Amino acid sequence: VTRTIAILTGGGDCPGLNAAIRAVTRVAYDTYGWNVVGFLDGFEGLIQQRYRVLQPSDVRGILRIGGTILGASNRTSPFSYVAPGTTEPIDASEIARESLRSVGADALIVIGGDGTLSLAQRFGGDMIPIVGIPKTIDNDVRGTEFSIGFDTCVETVTDAIDKLHTTAESHHRVMLLEVMGRTAGWVALYAGVAGGADIALIPERAYNIESLIAVVERRRAAGKHFTIAAVSEGASRPGGEPMYRSKVGESHAWRLGGICEHLAIELGQHTRREVRALTLGHLQRGGTPTPTDRVLATTLAHAAVRALKADHGGVMAGVSGSSTTLVSLDLVAQGPRNVPLDHELIQAAEAIGMYVG
Ligand code: F6P
């Protein structure tokens, strides 16, 4: 039977989304003979009935391109939607479901992070089969060890640390690199280790300024006159709050940032070293996906379409070990996946002399 499946990309973009869209389209069309409709700008396009039909010819050449050809919206919820020209949020979930029916779609694939996938779970309920595909540079989706976009982000941050090394060493400076990740420290930990940083600050563990000063002093005593730190935007001190650039809307939407500029002043005063702060920002979400992210996107997309073929719904295709698995969206909706404090990479980092705070 010919089916029609819809697809959308929600939340912040990242490299590898197009690889997933391409694979979903090809598997659905070429393997099962199904039609694919791509809704534009995440849930916003679903509510506003903006979409395009996707055929294999529409996804040609997009494998290596970052971002998403479907567009994404970061803050649109079908349950609390503010229509253009209005100010009051409405529940637009039935409008969005009607939009799916109007294109003849009997299932929806949602490519998103934990926020979008939680919305998807609520949106589908018992009525519409939904299958999720995890993507986020933060790597904090529950139910999967890796999400699309993380590997490319780690490569970008590692490259930045490599480049900071030479100038830090030439000028005998302390360099603080602020990286993304929201409440999870995966990016700082992985890129910190990969780039040979001396310090990685992650939100899961409170850091204290005395320990940072001690690292700089210890290195100086050993004849190493520079220090490099990979700092999660969400890191904080014992009992403290992370630093926010703005607090607009619900707390999960508040914009983190600013910790390194703040730390640079304090560390400079205490160590009498020159300290510089750099925020990598949205560069971390750009660029061409690494081969690892392309392969991940392709295998997860394949697993997602296969799940629909087997009449599954309310699940996400995730990674466990070296295979894909299906996990319940109920699990995904339980909130972000943080770095466990007994994670082997923290132990390895400390064993090679890094300070992980
Ligand atoms: O979740 C992905 C992410 O890039 C976070 O790491 C970061 O805190 C946030 O999105 C930035 O959001 P925006 O693109 O809205 O500034």
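This is a predicted model, so every value here is computed, not measured. Start at 1 and go down the list; that is how both ligands and their atoms are numbered. Along the sequence shown, residues are numbered consecutively beginning with 1.
Under 4.0 Å from any atom of ligand 1, one finds heavy atoms of residues N74, R75, I137, D138, M180, G181, R182, E233, R255, H282, R285.
Geometrically, R97 engages F123 in a cation-pi contact defined by less than 6.0 Å to the ring centre and at most 45° from the axis.
Distance alone, capped at 3.5 Å, is enough to place a donor-acceptor pair between the D198 side chain and the I228 backbone.
Every pair tested for salt bridge (charged side-chain N to carboxylate O under 4.0 Å, His left out) that includes a residue from residues 144-156 fails, sequence neighbours excluded, so the list is empty. Pairs passing the salt bridge (charged side-chain N to carboxylate O under 4.0 Å, His left out) check and including a residue from residues 291-311, sequence neighbours excluded, read R3-D311.
The ring-ring contact (aromatic ring centres under 6.0 Å, His included) check on Y29 picks up nothing, with sequence neighbours excluded.
Side chains of D159 and T156: a donor-acceptor N/O pair is absent below 3.5 angstrom, by distance only.
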